[in-house]
Amino acid sequence: MKTTIKRLIEEALEKAKIKGELTLATVPDVVVESPKDEKHGDFSTTVAMALARAERKNPRQIAETLCRYLENGDGLIGSAEVAGPGYINLKMTHRFFLDRLKSVAKEGETYGCVDSGRGLKVILEFVSANPTGPLHVGHGRGAAVGDVLGRILKKAGYDVSTEYYINDVGNQMNGLGRSTWIRYLQLMGKEIEFPKDLYRGDYINDVAREIISMEGDRFLGKAEEEVLPFFRRFATDNILAGIRKDLDDFGVKFDQWFSEQSLYDDQSVDRAMEWLKEKDFIYEKDGAVWLKSSAFQDDQDRVIVKATGERTYFCSDIAYHQNKINRGFKKLINLWGADHHGYVPRMKAVLEAMGYDRDLFKVLLVQFVTLVREGEKVSMSTRSGEFETLADVVKEVGVDATRYFFLMRSSDSHLDFDLEIAKKETPENPVFYIQYAHARICSIFRTAEEKGMTLPKGGDVDLEPLQEEEAFVLIKKILAFPAVVDRSAAMLEVHRIPHYLHDLVAVFHAYYAKHRVVTEDRPLTQARLFLMMCLRQAVANGLDIMGISAPGKM
RNA sequence: GCCCCCGUAGCUCAGCAGGAUAGAGCAACGGAUUCCUAAUCCGUAGGUCAGGCGUUCGAGUCGCCUCGGGGGCACCA
């Protein structure tokens with residue numbers, strides 16, 4: 001909508017230039033805003049103030065010139081006025097808004113889509129939790145934010161691919177295998193102390209029990225080295241399957257699951273190291289191999305091969321991100337927990353060393369989640385193996401509320417997740433407020449149908465009967481949806497969607513309280529039903545982006 | 001010590017690439033239902049935007065400093 005306004009203003013600028021009233025040596029970026037105070041009209045622009053210096057004219061004078069050209073429009077602009085230091089306030093005609101409302105109905109499920117992405121190939125990697133235990137709430141926030149960000153980017157015209165990177169290599173896998181092996185022995189009656197540095201979560205016992213039920217005692221008496229590969233493999237597969245199920249139950253699907261091991265299997269890691277070596281970006285010191293990341297804005301150089309000969313996580317990450325680029329992705333977005341922020345500079349460093357623009361790689365740091373139960377913060381200690389899993393929270397409060405709560409805050413803010421509020425089916429809970437609105441709209445359509453008041457096929461309705469102010473407040477809000485999607489995509493900020501929906505729906509509830517949709521007046525009823533149809537589409541599309549259900553009845 | 005995030009109403013948080021008189025939800029208080037779902041609506045009250053300095057026509061927003069909260073500074077992932 002704003003781009004339409006922007007175009008109108010640019011046309012006015014052009015006309016003023018042709019007539020010689022403005023020089024326009026530099027073409028300004030026309031900023032269109034929606035004034036907070038409706039007295040200031042529907043839209044305003046600061047372009048006159050921005051031009052003041054270059055034109056060597058009083059901003060109000062420039063604004064007045066522009067207003068003359070703007071008012072000579074095509075019946076879309078109702079009035080153009082100069083205000084304050086040089087704002088231009090535009091008031092649009094009813095026709096302007098009603099025309100646009102018609103297109104909402106036409107667009108249907110695709111309403112809200114924009115094309116700012118222009119098909120840019122983007123890879124969005126998130127969660128990527130190590131397969132050493134079930135997902136906890138922190139992963140859940142990452143999963144929800146990543147999933148929804150993916151949907152937003154798709155709506156905004158990006159060619160998005162979502163990916164889960166499986167760290168199935170390294171010491172942790174051995175630790176997982178050993179943990180399972182020891183639990184197995186304990187369950188089989190052996191008196192063995194459980195080492196401190198292993199995974200002590202109860203889920204390990206579940207895995208061990210499953211091995212017992214499938215394989216019985218056939219591992220008893222064997223040496224650890226002999227059985228470890230089996231235990232390691234079994235535990236990894238088992239836990240990974242659990243992670244997949246948790247994500248699936250949470251409505252999160254990935255386009256790819258990418259194995260770290262595969263990068264070793266196909267020599268990608270070796271090739272990447274070879275390349276860096278040729279370029280003289282790596283050197284040996286103290287028996288280890290280092291990357292000269294400090295030459296590219298990192299604090300220090302980083303080890304990629306330990307003195308033991310093992311390669312670090314960072315080492316395979318180099319190959320992994322190179323692989324992403326080789327697959328044709330032009331933008332690499334990663335979602336990491338806030339605790340990984342120190343890792344960003346080295347990743348940017350290596351990409352820059354490889355000759356890529358360091359800005360093609362973008363990391364979104366998602367801050368921590370604190371669960372609050374009955375006003376008390378729930379302590380989360382991973383060491384003890386006792387923590388709130390994503391699956392438990394979903395089970396307790398449901399998918400819709402869980403997703404909403406994870407999405408409602410800016411991801412660089414800490415999140416207090418109040419379980420009691422999330423569970424409530426009262427107005428305290430914002431999810432229900434929005435879903436209720438959708439159900440209410442559906443209810444209006446049921447009533448309309450009962451009274452034989454349906455919309456004609458093709459949506460050819462005369463909207464002129466819509467005159468009340470509240471209708472236009474609502475229409476304007478509905479029409480803002482694509483801009484919200486656009487901005488969410490540009491800023492990589494998912495919380496804008498739930499905020500917008502809450503706003504939108506509040507305007508609807510107010511309208512509902514004041515105006516009856518289904519009346520004896522057929523033309524009016526049809527016009528209002530049409531408005532409701534567009535509104536429902538916007539609400540449904542918004543909820544769809546968040547992966548939250550839009551119930552027809554509550 | 002260095003780096004990242006946060007600090008806005010009693011609580012939880014928005015604040016749109018610097019714009020007009022700083023907003024919402026919850027909590028508090030007072031109202032609204034012959035009629036499409038009261039899971040709703042309307043109204044009242046509530047603020048030194050942590051503090052200071054600076055940048056400019058204009059700063060909650062940008063820069064620097066101080067204070068407070070969280071996180072990170074591995075040959076761990």
Side-chain angles (χ1 to χ4, degrees), chain A residues 2 29 31 33-37 39-40 44 46 49 52-53 59 83-87 89 129-130 132 167 169-173 175 260 285-290 299-300 302-314 317 337-345 365-368 370 372 375 408-416 418 421 424-430 432-433 435-437 439-448 450-451 453 480 483-484 487 490-491 493 495-496 498-500 502-503 506 508-519 525 528-529 532 553-554:
Chain A
K2 280 184 185 172
D29 187 32
V31 179
E33 357 185 275
S34 319
K36 277 167 268 181
D37 190 334
K39 283 202 293 284
H40 296 132
S44 68
T46 55
M49 288 184 273
R53 188 168 298 177
Y87 288 97
N89 292 338
N130 298 330
T132 54
N167 292 116
V169 177
N171 275 329
Q172 48 168 0
M173 292 295 107
E260 179 182 5
K285 192 182 87 180
D286 304 331
V289 179
W290 299 69
D299 298 344
Q300 51 181 284
R302 305 290 172 177
V303 169
I304 55 175
V305 182
K306 301 185 226 175
T308 59
E310 290 170 293
R311 280 164 293 192
T312 62
Y313 179 64
F314 179 48
D317 248 9
D339 52 336
H340 284 67
H341 94 267
Y343 205 80
V344 179
L365 295 170
V366 180
Q367 299 293 326
F368 289 173
T370 308
V372 178
M408 68 199 267
R409 301 294 175 224
S410 152
S411 30
D412 48 28
S413 266
H414 291 212
L415 172 68
D416 277 353
D418 193 319
I421 292 178
K424 276 187 189 162
E425 300 194 355
T426 71
E428 267 182 86
N429 189 340
F432 284 87
Y433 184 79
Q435 290 183 318
Y436 177 62
R440 226 180 191 185
I441 300 163
C442 292
S443 172
I444 293 171
F445 279 99
R446 282 191 295 271
T447 305
E450 280 165 23
K451 300 202 172 171
M453 290 279 201
V484 173
R487 188 141 182 95
M491 308 286 288
E493 290 178 342
H495 70 277
R496 292 170 184 279
H499 279 282
Y500 165 74
H502 195 277
D503 262 19
F508 158 67
H509 283 310
Y511 180 85
Y512 181 91
K514 197 157 178 184
H515 302 286
R516 215 187 137 75
V517 174
V518 182
T519 64
T525 299
R528 287 184 174 169
L529 278 175
M532 289 301 119
K553 260 187 184 171
M554 285 174 78

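Protein chains get the first letters and strands the later ones, always in sequence-line order, with residue 1 at the start of each.
Distance A:Y313 OH to B:rA77 P: 9 Å, rounded to the nearest Å.
Ring-base stacking between A:H340 and B:rG72 is not satisfied when judged by a centre separation under 5.5 Å and a plane angle under 30°.
Looking at residues two or more places apart in sequence or on another chain, you find no salt bridge (Lys or Arg N to Asp or Glu O under 4.0 Å) involving A:R440. A:K553 pairs by the side chain to side chain contact (heavy atoms under 4.5 Å, CB included) definition with A:R446, not counting sequence neighbours.
Residue contacts for A:K514: at a heavy-atom cut-off of 4.0 Å it reaches no nucleic acid atom on any strand shown. Note on A:A288: a base of the nucleic acid sits closer than 4.0 angstrom, heavy atoms only.
For A:T312, the listed nucleotide lying nearest its side chain is B:rA77; candidates were B:rA77, B:rU40, B:rA20. Residue A:N130 places its side chain closer to B:rA77 than to any other of B:rA20, B:rA77, B:rG72.
A sub-4.0 Å separation between OP1 or OP2 of B:rA38 and a side-chain N or O of A:R440 is present.
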Quick one: which protein N/O atoms are closer than 3.5 Å to N/O atoms of nucleotides 31-33 of chain B? Pair and distance per line, please.
none

Please list, pair by pair, any protein nitrogen or oxygen found under 3.5 Å from a nitrogen or oxygen in nucleotides 22-28 of chain B.
none

Distances under 3.5 Å between protein N/O atoms and the N/O atoms of nucleotides 5-13 of chain B, please, pair by pair.
residue	atom	partner	partner atom	Å
B:rC5	O2'	A:D412	O	2.4
B:rU12	O2'	A:R409	NH2	2.9
B:rC13	OP1	A:H414	O	3.2
B:rC13	O2'	A:R409	NH1	2.7

Verdict with supporting geometry, A:R528 and A:Y511, side chain to side chain donor-acceptor pair (under 3.5 Å)
CA-CA 11 Å; A:R528 287 184 174 169; A:Y511 180 85; 3.1 Å; yes
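Relative ring orientation between A:Y433 and A:H502 is described as parallel, the plane-to-plane angle staying below 30° on a 0-90° scale split at 30° and 60°.
Taking a pair as Watson-Crick or G-U wobble with both distances under 3.5 Å, RNA chain B forms stems of 3 or more consecutive pairs at B:1-7 with B:67-73, B:10-13 with B:23-26, B:28-32 with B:40-44, B:50-54 with B:62-66.
Atom name P, nucleotides B:rU34 and B:rG47: the rounded distance is 37 Å, in whole Å.
Contact check for A:D412 versus A:L365: no side-chain heavy atoms found under the 4.5 Å cut-off.
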